[in-house]
Every structure is written in structure tokens, then in C-alpha cells.
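We name chains A, B, ... by the order of the sequence lines, and we start the count at 1 in each one.
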2 protein chains.
Amino acid sequence: MSRPAAHRRASIADVARAAGVSVGTVSNVLNRPDRVLPGTRERVEAAIAELSFVRNGSARQLRAGTITTIGAVVLDIANPFFTDVARGIEERLDRDDYTLMVASSDDDPGREQRYLRLFEEHGVQGVIVVPATDDIEHLQAIRRRGTGVVLLDRPSPDPGISSVAVDDVRGGELAAQHLLEQGHTRIAFLNGPHTIRQCADRHEGVVKALAAAGLDPEAALTEITVTSLNAEGGEAAIRGLLESGDQPTAVFCVNDLVALGVLRTLRTENIAVPADMAVVGYDDVAFAAELSTPLTSVRQPTHELGLRAADLLLTAPDTAEHVMFQPTLVVRTSSARP
Amino acid sequence: MSRPAAHRRASIADVARAAGVSVGTVSNVLNRPDRVLPGTRERVEAAIAELSFVRNGSARQLRAGTITTIGAVVLDIANPFFTDVARGIEERLDRDDYTLMVASSDDDPGREQRYLRLFEEHGVQGVIVVPATDDIEHLQAIRRRGTGVVLLDRPSPDPGISSVAVDDVRGGELAAQHLLEQGHTRIAFLNGPHTIRQCADRHEGVVKALAAAGLDPEAALTEITVTSLNAEGGEAAIRGLLESGDQPTAVFCVNDLVALGVLRTLRTENIAVPADMAVVGYDDVAFAAELSTPLTSVRQPTHELGLRAADLLLTAPDTAEHVMFQPTLVVRTSSARP
DNA sequence: AGCCCACCGTGAAACGGTTCATAATGTAGC
DNA sequence: GCTACATTATGAACCGTTTCACGGTGGGCT
């Protein structure tokens with residue numbers, strides 16, 4: 001049923017034949033209609049409609065060379081932080097009639113590379129990448145081959161490659177400082193793997209704050225690696241912590257999804273927040289303020305992040321720029337002094 | 001600074017020249033390495049590395065014809081509902097080593113068409129679309145031209161086009177029935193435009209439930225059209241309602257993001273939920289249970305939705321199938337009897 | 001009338017791969 | 001030593017566009 005016609009798709013030559021013109025003319029109708037007499041144009045347009053012709057993008061691009069698409073590879077498409085950034089990118093691209101293709105690497109360097117290769121092979125004008133590893137050699141290679149590259153949410157170790165980031169060391173520091181000020185001296189950090197730069201940086205910030213307060217990071221900090229950076233990951237991690245008997249009085253979560261899982265688990269385990277356990281998240285996603293215990297979180301300018309990254313790609317594709325935003329701490333109930 | 005080499009990208013011919021073989025051999029190394037003597041292969045691979053050659057996807061596809069990519073166009077990439085669905089799609093595609101490109105139409109039929117055209121011109125094997133309008137003629141045309149099409153989150157009016165959906169009439173009915181059972185007789189429905197099928201269907205379900213309860217839908221129901229289906233849209237809509245003086249005792253929101261905006265606004269306006277106003281959402285996103293007033297919501301099997309849609313495209317590209325899931329109501333505090 | 005120019009339309013080259021018929025080489029069997 | 005055959009490598013045709021040098025036509029001007 002409904003098997004589509006197995007016919008070869010109509011080509012420009014078919015259209016030309018049907019309209020009684022040359023292929024060059026059909027191409028002109030498609031790309032520079034003003035150079036074609038209205039009468040001819042109409043005949044061609046009729047033929048296009050008749051044959052329901054759709055341009056072959058591969059052939060077009062092969063010959064013409066350019067395309068107004070840019071690709072983005074984010075760590076997790078289900079994380080509101082990244083989709084908010086994507087909205088920012090889209091907004092900027094829209095202004096120049098560019099289109100955005102989004103792919104999710106799932107923290108997997110292999111997937112990231114696959115998607116980047118796909119984008120590059122298809123000749124996108126640039127890529128915006130939140131790298132899944134510290135190693136950006138493959139990105140430098142892409143850049144050398146002439147495709148624009150912007151590192152997102154992480155500063156570039158290579159001055160030749162643009163980046164738009166938020167100071168993650170400062171973010172970690174802000175969160176830890178705040179918890180220290182609330183009197184906590186035993187803090188758990190539910191962090192992602194240090195192969196993800198942001199995670200390593202936030203850890204560094206936490207350690208810095210602890211040291212500045214005269215505490216021994218070894219003793220005051222328990223870092224737990226969350227395998228998947230979402231609510232399920234947070235739930236698993238906090239359960240592991242609770243069972244370990246090691247009892248800090250505060251939990252700092254690498255993102256708000258993880259914090260969501262933590263809050264959910266603490267509630268079912270009847271551990272009061274913030275009385276028995278303070279919780280701080282990261283990203284300040286839309287729902288953070290509306291949770292049963294409004295969540296203290298480190299805010300990043302998501303929209304601007306995306307806007308700026310896209311802007312770099314469109315307006316200065318050949319020069320490298322490094323933008324660093326500063327995070328801010330939004331204090332709410334989840335970390336109030338017990 | 002760091003201006004990339006303006007050189008033309010290396011082509012297969014360059015590689016062939018460098019390795020001292022023919023272009024056919026290079027192509028064989030790339031596509032059927034076993035047909036090439038190890039020695040030759042190594043020389044070619046060395047040349048590839050040397051020139052940092054990247055295959056031109058357009059040329060490849062132009063000649064070879066196929067590509068293992070499928071495209072998805074969703075209404076709003078920032079809505080967790082759609083990204084959860086996307087995760088389901090990805091999971092299924094991964095099993096067959098397909099890749100997914102996601103684009104967001106922003107409820108705009110024009111954007112939707114632009115992205116679909118882009119996908120089609122680039123020869124994706126299929127598209128998964130959450131249509132922004134009732135009119136699916138352009139999708140039927142794509143189908144006729146031989147590209148797979150699956151309608152997502154909305155039943156297909158054309159038996160020849162596959163769809164994977166959740167019964168939205170039933171969903172609206174569930175929500176309304178529940179509110180009626182809680183004793184509400186004046187209900188506001190913060191809905192999206194009826195041009196979006198899901199919105200029209202949910203409205204139909206609400207009306208059905210009211211009628212079944214012997215109420216006059218005209219009198220019992222105030223429908224307010226939310227312009228952007230997110231928290232900001234919800235906030236604007238509920239403020240409009242509050243100012244209008246028209247005071248229902250319950251609000252049914254077309255999705256949880258809108259509900260989030262409503263809850264946020266009611267809290268700042270000191271209107272108690274559910275005592276002064278009951279709230280019901282739709283989608284049962286991850287954070288619904290953890291809100292300050294845990295949100296009653298209509299749950300849809302997001303992951304399965306995506307899984308199934310991708311499966312249809314991969315396993316039965318030439319036959320049309322229609323899958324309809326049933327929603328369930330998850331009752332929480334936000335709609336408890338006052 | 002003759003010249004110049006603007007305007008349309010033509011058709012073939014080029015883009016960079018894949019594919020396939022064919023050539024070249026080696027190897028086994030008799 | 002010769003044939004038959006398997007294994008590799010070759011190179012030209014082809015995919016469907018865009019682009020561009022060129023030819024034809026007709027109008028305006030001297």
C-alpha cells in the first residue's frame with residue numbers, strides 16, 4: 001500500500017525537456033529568476049510543479065560549494081541548558097537565514113567525532129561544539145581544513161580556535177564559597193568525569209574555595225563521579241553516598257538535572273533539605289526556582305552563550321576570539337542555613 | 001591570525017597522486033578495504049593522513065545515492081517533551097548506525113518547510129515530523145517523491161502516511177474529567193492554537209468530558225490561546241486571565257512548561273494551589289513531581305514514541321502504519337480537592 | 001543603413017566522488 | 001609450456017547541479 005513511485009526523482013534536465021528550454025535556463029529560474037523572461041519562467045515553473053521537482057542538494061553543493069548551514073554538537077540534547085543555548089544559536093542564525101542542525105554526542109567522544117565528520121563531509125560552514133573530551137585535536141584538524149569551529153561552554157586551549165565559555169572555575173568557587181559561608185565543612189560534589197573540561201574546572205574552583213577557607217580539600221570534600229549527567233545519574237550517585245555512611249551536610253551537583261535526582265531521592269528518604277542536607281545545582285534552569293525546595297544554582301547566560309557562538313561563526317569566521325562570561329550564584333531555599 | 005589555508009580541500013585525485021595509485025583504488029580503500037593489497041592500502045592511508053583528506057559527502061552521495069541519516073523536525077527544541085522523544089529516536093537509530101539531525105520549527109510552518117526541504121534536498125532516508133499545521137500536503141508530496149515520512153505526536157489523516165501518536169482527545173478528556181471529579185465547574189484551558197492538531201484534539205476531549213458531565217461547555221470553559229508554548233507564554237496567559245476578572249477555579253495547561261509559568265505566577269500573586277486554583281499540566285516532564293506544588297499531569301510515553309517512529313522508518317519504510325498510544329493521568333497535589 | 005549594446009538563452013565544462021568493464025599480473029593445474 | 005582463473009588495479013563514465021563564454025535577436029542611435 002502506498003508504495004511511492006520507484007521512479008528516479010526528476011532532474012533539472014527533465015524539467016528543461018518538459019518546458020522546452022535548456023538546463024541552464026532552469027537553473028537560472030531557480031537561482032536568478034530576474035534574468036529570465038517572465039513567459040519562459042512561467043513555463044519552467046509549471047514544469048517544476050508538474051514533475052514535482054526537488055533540487056538535488058548534493059549536486060548543487062558539489063558544484064556551488066557553499067551551504068548556509070551550521071552544525072552543533074552538544075553533550076545531551078535532553079538537558080535544558082543545552083537546548084537553551086541552541087535557542088540562542090538559532091535566534092542568531094535566523095537573522096542571516098542560516099539553518100541549524102543539532103546532534104547530541106551523549107558525552108561519547110566517538111559519537112561526537114561521527115557527527116563532526118558528517119557535518120564536515122557535508123560542507124557545513126561551521127560547527128559549534130561542546131567537546132566530550134579534553135583532546136581537541138580533531139577540532140583543530142577541522143579548522144585547518146577550512147571549516148569554522150567554535151568551542152562552546154569551554155575555553156579554548158588553542159588560541160587559534162574560538163571559544164565562548166563561562167568561567168567554570170569561578171562557578172565551582174561560587175558554589176563552594178556559599179556552602180562554606182553557610183557553615184558546611186563536609187561537602188559532597190556530584191561531578192561528571194574530569195575528561196569533560198567543565199567538570200574538571202568546577203572541581204578546581206571548589207578546591208580553591210576550600211583551600212582559601214583554610215580547609216583540607218582531601219578531608220572536606222568527597223567527589224563522586226556521576227556516570228550519566230541527568231536525574232537518574234543524580235539519584236544513583238546520592239544513593240551510593242547515603243549507603244556509604246559517609247555523611248556530608250551539603251551536596252553540590254554538577255548540573256540541575258543531577259540536583260533534581262538528588263532532591264527527589266532525599267525526599268523519598270525523608271532527609272530534609274536544607275535542614276539535614278543542603279543542595280546546590282548548576283545552570284539555573286527554568287524550573288529551579290519552582291521546585292518543592294527552590295534550588296540554589298549557579299546561573300550561566302545560556303542564551304547569550306549561543307547567540308555569541310553563532311555570531312562568531314557568521315561575522316568573523318577567519319579570526320579566533322575568546323569570550324568568557326561570568327557565572328552568578330542564585331541563592332534559594334535549598335541551601336539556606338539550617 | 002590563524003587564517004586557515006585557503007587551499008582547496010584535498011580530493012581523492014590528490015590522494016591518488018600522492019600515493020601513486022588510481023582514484024578507483026583510493027575509493028576502494030575507503031569503501032572496500034579488503035579488495036586492496038595491504039601494502040597499497042597502507043600507502044593510500046598514509047597519503048590520506050598526510051593530506052588530511054576528508055571525503056566530500058556531496059560528491060559521494062550524488063553518485064552513490066544513499067545516506068544513513070534521518071531528520072527530525074520538532075515544534076520546540078527547548079521543550080523536554082520533544083527532547084525526550086528525540087532521545088528515543090536516537091536510541092533506535094544507534095542500533096542501525098544511523099544518525100539523527102534535529103531541527104526546531106518553533107511552531108512556524110515556514111520554518112518547518114524550510115527544514116524539510118533542506119532534509120529532502122540532501123537526501124535523508126526519512127523524516128520524522130511534528131507538524132506545525134493541520135495541512136500535511138507538503139508531507140504527502142515528500143512521501144510521493146520517495147522519502148520516508150512519519151508523523152509524530154499526531155495521528156495521520158492520510159492512511160498512506162505513517163504516524164505515531166498519543167490519543168490527545170483522550171488526554172484532554174482525562175484532565176477535564178479529573179477536574180470535574182474534584183468539583184470544578186469553571187475551567188480555564190490555556191491551549192495552543194487549534195492549527196496545531198494536538199491542541200485542537202485536547203480541546204475536543206475537554207469539551208467531551210464537560211458535555212458528558214451535563215455541563216454547557218460554553219459556560220464552563222474559558223479557552224485562552226497561549227502564543228508561545230513555554231513558561232513565558234503560560235505566565236502571560238494566566239496574567240491576562242487574572243486581570244480579566246473571569247475567575248475559574250481550575251487551569252488546564254497544554255503542556256508542563258506553560259503550567260510552570262502558571263505556577264510561578266500564581267505563587268507571586270499569592271494565589272494558593274490547589275486551594276484557590278487547581279492546575280493540571282500535560283506531558284509529565286521529569287520535574288513535574290518535584291515542583292513546589294507537585295503537578296498533576298497527563299503522561300505520554302515519550303521514549304516509546306520516538307523509538308517507534310524511528311523503527312517504522314527503518315524497518316518498514318514503504319508501508320504505512322498507525323500507532324496510537326494511550327495517555328495516563330498522574331494525579332499530584334496541584335489538583336487535590338480544596 | 002549600419003553599428004553597438006542589452007538582453008535571453010544555450011550547451012558544455014566542472015565539481016569530486018563511485019562503479020564497473022577491462023587490463024595486468026600472478027598462480028595453479030595439466 | 002600453456003591454459004584457466006583469481007586477484008588487483010585502472011580509468012572512464014556517470015550522478016545532477018552551477019557557471020560561463022558565447023550566439024542570436026532586436027532596439028536605439030547616428
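No salt bridge links B:Glu120 with B:Arg117; every basic N to acidic carboxylate O contact stays at or beyond 4.0 Å. A salt bridge links A:Arg114 to B:Asp97: at least one charged side-chain nitrogen sits closer than 4.0 Å to a carboxylate oxygen. The pair B:Asp134-B:Arg154 meets the salt-bridge criterion, since a charged nitrogen lies less than 4.0 angstrom from a carboxylate oxygen.
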Give every pair of a protein N or O atom and an N or O atom of nucleotides 19-26 of chain C that lie under 3.5 Å apart, one pair per line with the distance.
from: C:dT19; atom 1: OP2; to: B:Arg32; atom 2: NH2; distance (Å): 3.0

Sort me out a list of protein N/O and nucleotides 4-6 of chain D N/O pairs below 3.5 Å, or just none if empty.
none

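Residue B:Leu62 is in base contact, counting any heavy-atom pair closer than 4.0 Å across all strands shown. Contacts of B:Val26 with the nucleic acid, taken as non-hydrogen atoms under 4.0 Å apart, are absent. In this structure, A:Thr40 reaches the sugar-phosphate backbone alone: every heavy-atom distance under 4.0 Å involves primed, P, OP1 or OP2 atoms, never a base.
Side-chain N or O atoms of A:Thr302 include none that pairs as donor or acceptor with a backbone N or O of A:Asp84 at under 3.5 Å. Not a single donor-acceptor pair under 3.5 Å links the side chain of B:Glu121 to the backbone N or O of A:Val54.
Of the candidates D:dT17, C:dG16, D:dA9, D:dT17 carries the atom nearest the A:Asn56 side chain, counting heavy atoms from C-beta on. Among the nucleotides D:dT10, D:dT18, C:dG17, the one closest to the side chain of A:Ile12 is D:dT18. With distances taken from any side-chain atom of B:Ser22 to the nucleotides D:dT10, C:dG9, D:dT17, the minimum falls on D:dT10.
Put simply, CZ on B:Arg43 and CZ on B:Arg41 are 12.5 Å apart, with the number rounded to the nearest 0.5 Å. Atoms CG and OG, on A:Asp158 and A:Ser162 in that order, are 10.0 Å from each other to the nearest 0.5 Å. The CG atom of A:Leu75 sits 4.0 Å away from the CZ atom of A:Phe82 when rounded to the nearest 0.5 Å.
Rounded to 10°, the angle separating the first-five-pair axis and the last-five-pair axis of the helix from C:dA1-D:dT30 to C:dC30-D:dG1 equals 40°.
Partner of A:Asp96 under the side chain to side chain contact (heavy atoms under 4.5 Å, CB included) criterion, chosen from A:Leu313, A:Ile70, A:Leu314: A:Leu314.
For the pair A:Val44 and A:Val36, the minimum side-chain heavy-atom distance is 4.5 Å or more.
Side-chain N/O atoms of A:Thr25 include none lying less than 4.0 angstrom from OP1 or OP2 on C:dG9.
Summary of the strand contacts: A:Gln61 and B:Gly20 both lie near DNA chain D, and taking for each the nucleotide with the nearest heavy atom, the more 5' one is attributed to B:Gly20.
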Check against side chain to side chain donor-acceptor pair (under 3.5 Å), A:Asn31 and A:Arg55:
CA-CA 11 Å; A:Asn31 303 303; A:Arg55 222 198 322 243; 3.1 Å; yes
